Each structure stands twice: as C-alpha cells, then as structure tokens.
Amino acid sequence: MAKFFRTHPFLSQSLFLIVLLVFLLGQLLVWHIRAVGIVLFFLYVALVGNWAREFLHRAFHLKLQSWLTLGLGWFFVFVLLGLFSSILVAWYRLTPLCVWSVFASVGFFVGLLVRFWKTKIQLWKHHIDIGLPQRIFSPLFAKSWTLVIGIVVLLVVLFIILFMSTSHAVLTTPWQTIPTWFLYMWVVVLFLVGFLVYSKQSIKVILFILIAASFVQHAYLPLTHVNPWGGDVWRHVGVEIQLQRSQFVNPTLFGPDHAWEQLVHGYMPAIFLQPQKYAYGNLWGITVLISDTLDSGLLHLNMWLVPIVWSLMLPLLLFYFGRILFDSWRSGLVLGWLSLIPYSWQALGGLTLPNSLGFVIFLFVLLLWFLARKVKDRRAQYAVIFLSVLLLFGYSLYAILLWAILLITWFVDLLRKIQRPLIKIITTAFILSITILFLPVFALFSFLGNVPTVSNFFSRTIHVVTSMIGWTFARHILPATTFTGNFFYNHILLRSFVSNIFTNFRWHVFVLMIVIWIAVIIGLIALFKKNKDANWHILGFFTLMVCGGYGIGWVFFDGTHTLIRRLDPVIVLVMLFFFVYVLALSLSHIRRQMVKQIAVVIYLLLFSWFGTTTYASGPNIRVVSSDEAQVAHYLVAQEVHKTHSCVLADTWELLVIEGISGRQIIGGGFPINSNYAQPQRVWLYQQLLANPYVQLGANAEKITYGDHCWFVLPKADISTSTQAILSTFASSTVEMNTLEVWHIGYLAVSSSLEKYGRMR
C-alpha cells in the first residue's frame, strides 16, 4: 500500500485533502477550537499550495523546487479562497457549509489544474533587449554579516518601540503616540537596508531583510492603538458579523430578498448594478473564512490581515518583476527597497482595506500575465484572462485595469507588426488617445464623476500640478483634506501635524519629486528608442493611461472622484518601474567603480531621508478611543434587541456601534442619505452641544421612531448649564471616563450599568 501511494503521489495527496476537508467541516460546524483551526488551515494551504506551485511551474515555467515559487503557490491559494468566497458574498451568503464549500472548490479546482495541465517546460531566455547593460545591477559593496545582524537588531528594537507606543486615546495620526526618535532610527535602517541591497550579500538574505523591514514599517498602524485606524473598518466589521451570522447582505442574486431594478426596456437583478459588493466582497469573504476556521476575532483580523499579506508578498512580487522586466534578480531587490519609500504604499500596507488587498492581488495577476507572455504559452494567457474576470469579485477597479492591460497588449502586438512608418505613427497616436481617455470616459459613464464648469480649468490645473510635484506639500501644512497627489507623500493637516526635523523642512521632497517625474519622462522616451521588450511597451501605454487619466480626472471632474483617487498605488508602481530603469541607465554611464559607489551612497542617503519624511507625513486618519468603544459596547448591549434605536452621538461612536452590532444599529437610528450624510442627526447633535432643550429628546425619538433615546457627550463639552438642563429630563446618566451617556425616555436602565460606568 505504501509503495502504491509513493508511486501515485497525486492520488495520495487527493485522499489527504478529502480527510482535511472532513476535519475542516467538523471545525466549522462543531469544534470551533482555535489550535485545531490553525493546524487545519495551514495544512490545507501547504497541500493545495504545493499543487499551485506545480501549476505555476507547468504553466509559467517557474522553478519547481524554489521556495519563492512555493510562496507564490501559497498566495495563489489565498487569492482563490478570497475570490471564491467573494462570489458567495455577492450572490448569496456565507454559512459554515458555504465556507466549507469554498475550501473544497479551491482544493479540487487547483488539483484539476495540476492533473490536466501537461506542458513541456523550457528555460527562460537569459537576455532581453531593454537598452541596458547586462550586469548593470551587479553588487557594488562587500558582503557583511555584521551589517545584517545590525539591521536585524535595529528592526527588533523598532518593533518593540511600536509595541510600547500602544495608545487608548483619540488620535489623528500614529505619530502622536510614536516617539520622535523612532524616525531617527528608521532613517538609519532605510539607509542600511539600501546599502545591503547593493552589496554582495546573498539574495535570499537581502529578501528576508526587506520582508522584515516591510513588516516593521507597516506595523506602525496596528501596533500603535488597541482599535483599528479609520472609520470604514467598522462598517466592514459590521458586514462581516452579518455574514458570520449567515445573514444575507442585500442585494443578492439568490435568496428570499433578491431585488430587481428597472432599466429602459426591462428589469435586471439589482446585484449587477451594485459595484460596492464586488469591490468589498473579497475582503469580507476572506476575513470571515479565516475567522470561522481559526475561531479568531474579526477586529484583530481587520487590523493585521493586510500588514502581514502586504509585507510578505509585495517584496516577493517586486522581486519577480525585476527578473521579468530587467532580466536581473537584484533589480527586484532595488524595487523592494524603493517600495519602502512612497507614502501610499506605507499607509495602504498598514490598513486592512479592500483597496490594499486588491492591489496586492492585482500585482500578482499582472505578474502572471507578463510571465505568460514571456513563456509564449497561449493556454497560460487564457488562464490569466480567466483570473482577470474572476478579479471582478476582488476589487472592481483592478479588474478594469487588468482588462485595460489586456487591450493594451493587443494594441502593442498590433503596432509591432506594422512596418510602414506613417501608418505606425497614426496608429500610435490613436492608441495613445484611447488609453489616456479610457479612465475619464469610464468614470463619466459609470457615474463616478461629472464634468465641472470650464471656468475653474486653470486653477484646477495649477492645483493638480503643484500637488503632484510636491510644491503644495513643501509649502503648506493644510487646514483641510486634499486627496490630490497623495501617492509619494501625504499632505499633512494641521490637526495631524507633529513637529520633527523630517516634517518641519520639506523642500527636499519637492526637489526629489521633480527628479522622479523627469526620470519617468526620460524613461518613457527611452522606452521607444532603446527598449525593444514588449512588456515594457505595455507598461509605457499603461503609465500614460493611469497618469493621464489621473490628471484629467482631477482637472475636468467634480464630485467624489471615487475611481480616480484610488489610482495612487498603481501610479506609484509604474513610476518606480521607470525610475529604476532610468537610475540603471544613469549608472551605466559611470565607468569608475568608486564614483559609482559614491553616487549610489548619495542616492541612498537622499531617498532614505525622503522615505522617512513621507513616513512621518501621515496618514491623516482618526482612531476611536477605548472610552468610545466602551460606550458603543454598552449601548449595543442595551439596544441590540430593540426594533427602533435612537442614539444621538458623534459619528465615530456611531460607526463603532454599527460595527459591533453587525449593522443592526446604523447611524444611531437616524436617516442616512446616499452620501452617508445625516443632516438631521448632525443638527440635533450641534443643538445638544450648544443649546440643549427639553424637547430635544422628543424630536430625536420622533425622527428615529423610538420610545427613548441615548445622548453621548464628551465631558469636556458639557458646561454646567448644559448639565443642569439635561438633568431635568434625563432618567439616568452613565460616566465612562471621558464620556457621559444620558438616557432620555421611559425605559429603565439595566443592571449592567455597574459593569460599564458609575450611575448618578
């Protein structure tokens, strides 16, 4: 029997998968033991990930025995688990049996790919014509284990500092709790890691250091507060709790409450006209799947999922991009180091948001597309096209961008076949027009933007240009939020400004941004003169598409810019590709080794300082305090079984209530319009703060259809006169450190008050 299984490994692994699935079903339905869930989950990922590695080897000719290919295989399984669960989230719901069906579907799907994907493996060509010398990324400095140990020690110290900086208060930036000298150590770490990248140290060691540095960098958000940063996370947690309760999140395609919307000549299921569920379903699905399997809390998953996935996968994916685009593994290390510099990647990698998770998956599928073209396997290209369609259930924007890349690929292949110069010029101009206008036109017809008045054209153009080159960032600390140009740095707000040497003087950012933009322009020009690789031509058109669409969108469109402002991480990606290309092109003209070493050291010093400045620039984001979360838990315990709730409070307390109640209490019970605004609640709350009156409670109850109401006020905002007025019609008061909860109405306060606060 043992000999049979040794000679039929796929069959033995399939039987082991069936056994695993049986145990997973028991974990999801009966046991709910965390240790068992962790073991089963990682055994599943290891087994199916090994099949995925075999598939990547056969389809994309990756080295079978490489641990890098194994890492990509594991991530492939993670991606499929998220996308398959997202289909159920969008069209149906997630019961424990549905979660189990996702495990079963992904396992057998990957198994069938391996079983029936037969191909002859060929080695990659060792050189591609990209207009650069073959050994331009060769190491410049000597190997040093002392440097490696020093970096590891510094990273451990930095992680401990972040761990000790955990706060319970209201913050508007993590730098209000992280000590300033953390930044002084971080700039040293950035420089030393960059120096290591250009040394003769082992590639595996450098990649490990990059992953560790990335993790420490992005841990600055989950480690610095007991609650997750931002407000949207509570809405996501609320939906995930609904899904864990096996509830339908409407609209759905199947289920008792599936809705239809009228079109011009008929009706269509409402789910096909709701982009929100397609954009967020991947995050909701994978979070619930992991939470149910590991029996872990949703809140911690929403704090740590993306920082872990981003830190592990982004350096690895960029490492592979270096091999494909520059024909050099060490160029991938340079890209990995530069990934620590831009603000949008620093912030997105620390926040578990749909956009963050969607970007890493987009990068993975884009890598597979370039690999498929490199090995010239049409079946592999069909597999990537299938993934791009499936990505519609990931983050919809990235599915659109991938489809645009597929279209650009077809255009590039067509251009390369045209021999007549005039026809080639006309065709190129036509393709450029299509690519640059693609995103603005799509935003217009998908109702994600609208054409503004022409009178603001000049001022808008100036605003966009100055924001994108760093002039506005260097010159002003802004009083209000701006979303324009926040990809390499974040425009600091007055409420989030923390004084230090990196943020007090910012003009070096303006200078270096000019250098980066010039490098991108030079890279685009050199692309069509020296670089003969088709993948680079695709990147060139794609760069013009996202950068041109970004500028046009901000200049010619009003509104929320839902699509345009989410292009920040993609713009950073293409800019880094071309910056590294021009950096290598510049170094290739330096003949003397010592001069080249000096030039690299200067570049590392400048960009380490630049990266630390961008790190210290944000994000401008609020986090709820422990007191606000405690109040929210108390009110949910009081109101969770009521038909109509009335909670008059600040938006942040209401967001937490929405999250932990599983969206049973939304907006405190007050009406919400399509833009998530609550004008009635806001007006009543302002009256409560400024000039409370006896009829205030009755008005709030009338709007919410409740028979009582809860008022939540910060102690610091309650004057003596306000307290006297509220005491005349409030039945009870609960104090919770910095907040007070006033109960208005007939309902008696339960005995759980003693647990949450002191009654007066």
Side-chain angles (χ1 to χ4, degrees), residues 170 231 234-235 238 241 624-625 627-673 676-760:
V170 172
W234 295 104
R235 292 195 175 102
I241 290 175
V624 297
S625 67
D627 294 342
E628 291 172 325
Q630 188 181 20
V631 165
H633 278 88
Y634 167 70
L635 292 176
V636 169
Q638 302 301 316
E639 293 293 301
V640 71
H641 299 297
K642 304 296 185 298
T643 305
H644 298 288
S645 299
C646 175
V647 181
L648 187 57
D650 184 71
T651 304
W652 289 93
E653 288 97 352
L654 298 181
L655 285 172
V656 184
I657 290 173
E658 178 180 340
I660 62 178
S661 71
R663 301 184 79 239
Q664 288 182 290
I665 307 171
I666 301 177
F670 290 86
I672 302 177
N673 63 25
Y676 297 101
Q678 294 180 283
Q680 293 169 303
R681 178 191 63 82
V682 171
W683 185 84
L684 286 173
Y685 188 68
Q686 290 172 346
Q687 291 297 310
L688 178 62
L689 290 173
N691 185 28
Y693 51 90
V694 176
Q695 194 63 23
L696 193 64
N699 290 343
E701 291 170 11
K702 183 179 178 181
I703 294 171
T704 59
Y705 301 100
D707 58 0
H708 65 283
C709 202
W710 301 89
F711 292 173
V712 182
L713 288 169
K715 278 186 180 180
D717 294 339
I718 303 176
S719 63
T720 306
S721 59
T722 298
Q723 193 171 39
I725 295 171
L726 289 175
S727 298
T728 61
F729 60 91
S731 59
S732 59
T733 307
V734 183
E735 291 185 4
M736 297 187 186
N737 297 324
T738 60
L739 297 171
E740 285 194 10
V741 180
W742 300 74
H743 181 229
I744 314 299
Y746 174 73
L747 185 67
V749 181
S750 71
S751 59
S752 61
L753 287 174
E754 295 297 330
K755 178 181 178 182
Y756 291 99
R758 178 169 57 84
M759 190 165 172
R760 279 196 317 208

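From a predicted model like this one, the values you see are computed outputs, not experimental measurements.
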Checklist entry - Residues in side-chain contact (heavy atoms from CB on, under 4.5 Å) with Val170, at least two apart? => result Arg622, Ser625, Glu628
Checklist entry - Sequence neighbours excluded, which residues qualify as side-chain hydrogen bond (donor to acceptor under 3.5 Å, both in side chains) partners of Asn737? => result Asp627
Item to check | Closest contact, heavy atoms only, Val640 versus Ile665 | outcome: N-CD1, 4.5 Å
Checklist entry - side-chain contact (heavy atoms from CB on, under 4.5 Å) with Asp650: which residues, sequence neighbours excluded? => result Trp652, Glu653, Tyr685
Item to check | For Ala629 against Val656, the heavy-atom pair lying closest together | outcome: CA-CG1, 4.2 Å
Checklist entry - Can you name the closest pair of heavy atoms from Ile744 and Gly697 and give their distance? => result CG2-CA, 4.1 Å
Checklist outcome for this item: Output for pair (Ser661 OG, Ile666 CD1), nearest 0.5 Å, gives 7.5 Å
Item to check | Heavy-atom check, side chain of Ile657 versus side chain of Trp710, under 4.5 Å | outcome: no
Item to check | Under 3.5 Å: donor-acceptor pair, side chain of Arg681, backbone of Ala700 | outcome: no
Item to check | Heavy-atom closest contact (Glu701 atom, His708 atom, distance) | outcome: OE2-CA, 3.2 Å
Checklist entry - Within the distance-only criterion (no hydrogens, no angle test), does the side chain of Ser731 pair as donor or acceptor with the backbone N or O of His743 below 3.5 angstrom? => result yes
Item to check | Euclidean distance, Leu726 CG relative to Leu713 CG, rounded to 0.5 Å | outcome: 6.5 Å
Checklist outcome for this item: Closest non-hydrogen atoms of Leu655 and Trp234, given as atom of the first, atom of the second and distance, are O-CB, 3.2 Å
Item to check | Main-chain N/O of Phe670 paired with Gln678 side-chain donor or acceptor, under 3.5 Å | outcome: yes
Item to check | With sequence neighbours excluded, residues passing side-chain contact (heavy atoms from CB on, under 4.5 Å) with Ile241 | outcome: Val237, Arg245, Leu298
Checklist entry - Under a 4.5 Å cut-off applied to non-hydrogen side-chain atoms, are Trp742 and Ser727 in contact? => result yes
Next on the checklist: Testing the 3.5 Å rule here: is there a donor-acceptor pair between the side chains of His644 and Thr704?
Outcome noted: no
Checklist outcome for this item: d(Ile703 CD1, Trp683 CH2) to nearest 0.5 Å is 8.5 Å
Item to check | With sequence neighbours excluded, residues passing side-chain contact (heavy atoms from CB on, under 4.5 Å) with Ile725 | outcome: Pro692, Phe729
Item to check | Rounded distance [0.5 Å steps], CD in Glu658 versus CZ in Arg663 | outcome: 5.5 Å
Item to check | Between OG1 on residue Thr722 and CG on residue Asn691, distance to nearest 0.5 Å | outcome: 8.0 Å
Item to check | Residue pairs, two or more places apart or on separate chains, that pass salt bridge (Lys or Arg N to Asp or Glu O under 4.0 Å) and touch residues 686-700 | outcome: none
Checklist outcome for this item: CG of Leu648 to CD of Gln680, rounded to nearest 0.5 Å, is 11.5 Å
